[in-house]
Structures are given as C-alpha cells and as structure tokens.
Peer 1: 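Got a structure for you, written out below as structure tokens; questions coming shortly.
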Amino acid sequence: MKLLTGNSNPALAQAIADYLEMPLTKADVRRFADEEVFVEIHENVRGEDMFVIQSTSFPANDNLMELLICIDALRRASATRITAVLPYFGYARQDRKPGPRTPISAKLVANLITTAGADRVLAVDLHAGQIQGFFDIPTDNLYAAPVMSADILSRSGGENLMVVSPDVGGVVRARALARRLGNAPLSIVDKRRDKPGQSEVQNIIGDVKGWDCILIDDIIDSGGTLCNAAQALMDAGAKSVTAYLTHGVLSGAAIDRVNMSALKELVITDTIQPTDGAQASGKIRVLSIAPLVGEAIRRIADESSVSSLFD
Ligand code: R5P
C-alpha cells in the first residue's frame, strides 16, 4: 500500500503518513503556466493499493481537479486499487435540488471521482450520510465524534454538559455525541435561513439555563449558524458555549466573527488545513484527525473492519 497527496492539505497527509510509519509517494502535483494541473509520480506504483489524500476544500475546483488527475495518473500507472481519501468532501452541501433548474453537484462530483478511476472512497463526516449512496463504489464515512468526545471529557470531566444541535438537521449527529458523553441531555436550536449565507436563530428547544453547552456541527463556513446559536444559548441562560466542528471551512469574515462571538472556544479538526488566521486566533483550537484516518486506511488495506473503530 502507498499514500499519495495533492496540495490541499499536505500537513494532514504527512501526519497520516507518520501515523502509518511510511513515506508519502514521491510525486509532483503542479501547474503549467496556464494553471492546468499536471501530475507526475516519481516511483513505481504498479500493483499497489493506493490511497490519494485530498480534501476538496478551498480552492475547491482546483483541489478537485488535482484529485481527479492524481487518480487518472495512478490508474494509467497500473495501480491495483485506488481509494480517494476525502477528509473534507467539498460540494457535499449541494446534495439535493433546492429549487427548480438547479443541479445536484454532490452527485456530479461523486460521478467524476468514480469515472476518474477511484475504486473506493474514504470520507470524514459527510454532510449527510446518504451521500454515500451517490457513489456506486464502496464508501466509508468516518465520524470525528470519538476524537471530539475524548477531548471534551479530558477537559471537562463530563460534568454539567448539554449537547446542542445548531439546527434540526444536525440532531442525529448531536445525539450520537451526547451518547458518547454518558447520555448528556440534548437541546436543539431551531434555525431558519432566509437566504444562502445568512442564518437566523428562531427558537431553542430545551432548557439550557446553567448548562455548559457543547454545540456540534459538521461545517463552519461563514460562522453565521454557529455564532448566532451561541448568542441565543447565552441569552437563554447557558453558563458557557463551546463548539466542536469537523470541517473548518471558515470563509470570508468567519474567523473575525468567531473571535467576537459569545463562544468560549471553537474546536475544529484538521480535515481542512487551518489558515494562519485560524491558528492565530486565541478562540480556535485544532484537533488532529490523522490517527483516525490513518487507522481506517490501515484497516482498509488489511481488509479488516472499519466500523469497529466506532464501537
Ligand atoms: C448546514 O446544514 C451545515 O451543517 C452548517 O450548519 C452550515 O454549512 C454552516 O454554515 P455557516 O457557517 O455559513 O452558517
């Protein structure tokens, strides 16, 4: 088995390689003068079980093309099996038609990855579980919840915790985390979004007064959902609000918004390489997902159980 990476998150790829105690495959993933992507693999991969580690995060289209072209290069170099490792699957939020004459881009991207030559997919916290069904190849969806719950318990001892979903769509994820925290109580923020990119808190389902609230979600993008939810929880009497998010997209003014928010802390994982701004923020902390992804890669290569990672 061998690991190959594009340019989207070299730090995570190296951390996964370190966990597996193996080097990354020597390759160049670079641009021609006109910005076309070019990939050249500098070692033999014939007959290898290849894992291509590439988040399709910002710049999403460039990183997606790198992934597709890496897969094509491996296929033409006679790799036996190619697994697309997508710590962050960009386009996942476009998983249904929000209106007439709109695309389902998550399905299109799944088709592109399969057509390029991927035999399997390994993703982390897909925006919706059913996106696995967009791929007609085996797809493993890892959960960051065990990494988060270990961190929460080591910091708080599990006392006075209430898990909060920032919207109705995230309740299943929140319930799973609550179970890992010894069946912590659960509340829900009923959010209504009038326009894309804007969010508005409407109502809190549950009594959060006096609790240390743990907000959990898959993605922080503009930060609107999370910061509004944090403010609503504090206004409703929460003692503190800490947020755990798998994918720190953090576009535009999101970091400033987090820095000025009612949040005590925002904890993200490194599925997307944290920007300098995120690293410099006193409110943002990063947990590494590398051991989880590395262990899943090892198990796929060994043909052993991946789901038992979450028992
Ligand atoms: C929505 O369904 C997602 O789970 C996130 O809540 C959303 O993508 C966050 O976006 P933003 O940070 O821009 O509010």
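Indexing begins at 1, ligand by ligand and atom by atom, following the structure's order.
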Peer 1: Please name the pair of heavy atoms, one in D95 and one in A106, separated by the smallest distance, quoted to 0.1 Å.
Peer 2: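 The answer is CA-CB, 4.0 Å.
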Peer 1: Would you check whether L226 reaches within less than 4.0 Å of ligand 1, judged by its heavy atoms?
Peer 2: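 The answer is no, since L226 has no heavy atom less than 4.0 Å from ligand 1.
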Peer 1: Hey, is V249 touching ligand 1 through its side chain, its backbone, both or neither, going by heavy atoms under 4.0 Å?
Peer 2: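 For V249, there is no contact with ligand 1 at all, from either part.
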Peer 1: Go through the side-chain N and O atoms of S55 and N9 and say whether any donor and acceptor fall under 3.5 Å apart.
Peer 2: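 Absent: no donor and acceptor within the cut-off.
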Peer 1: Quick one: do the S8 and N63 side chains pair a donor with an acceptor below 3.5 Å?
Peer 2: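 The criterion, which ignores hydrogens and geometry beyond distance, is not satisfied for N63 and S8.
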Peer 1: Pick whichever of T225, I216, I219 has a heavy atom sitting closest to atom 14 (O) of ligand 1.
Peer 2: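 Selected option, by shortest heavy-atom distance: T225.
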Peer 1: Quick one: does G223 get a heavy atom under 4.0 Å from ligand 1?
Peer 2: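 Checking ligand 1 against G223, which is what was asked, there is a heavy-atom contact under 4.0 Å.
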Peer 1: Relative to the heavy atoms of R93, which atoms of ligand 1 are at a distance of less than 4.0 Å?
Peer 2: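 Counting atoms of ligand 1 from 1, those under 4.0 Å from R93 are 8 (O).
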Peer 1: I'd like to know whether F89 forms a ring-ring contact (aromatic ring centres under 6.0 Å, His included) with F135, so could you lay out the CA-CA distance, the side-chain angles of the two residues, the decisive distance to 0.1 Å, and finally the verdict.
Peer 2: CA-CA 12 Å; F89 179 44; F135 293 93; 5.8 Å; yes
Peer 1: What part of D218, side chain, backbone, both or neither, has a heavy atom within less than 4.0 angstrom of ligand 1?
Peer 2: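 It is the side chain that touches ligand 1; the backbone stays farther off.
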Peer 1: Which atoms from ligand 1 have a heavy atom of I220 less than 4.0 Å away?
Peer 2: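 The list of qualifying atoms is 12 (O).
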Peer 1: Using a plain distance cutoff, I'd like to know if S222 has any nitrogen or oxygen under 3.5 Å from a nitrogen or oxygen of ligand 1.
Peer 2: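 Yes.
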Peer 1: So do L12 and P87 actually touch side chain to side chain, heavy atoms under 4.5 Å?
Peer 2: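 A side-chain contact under 4.5 Å exists here.
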Peer 1: Pairing donors with acceptors under 3.5 angstrom, does anything connect the side chains of H247 and D218?
Peer 2: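 Not at all, the side chains of H247 and D218 share no donor-acceptor pair under 3.5 Å.
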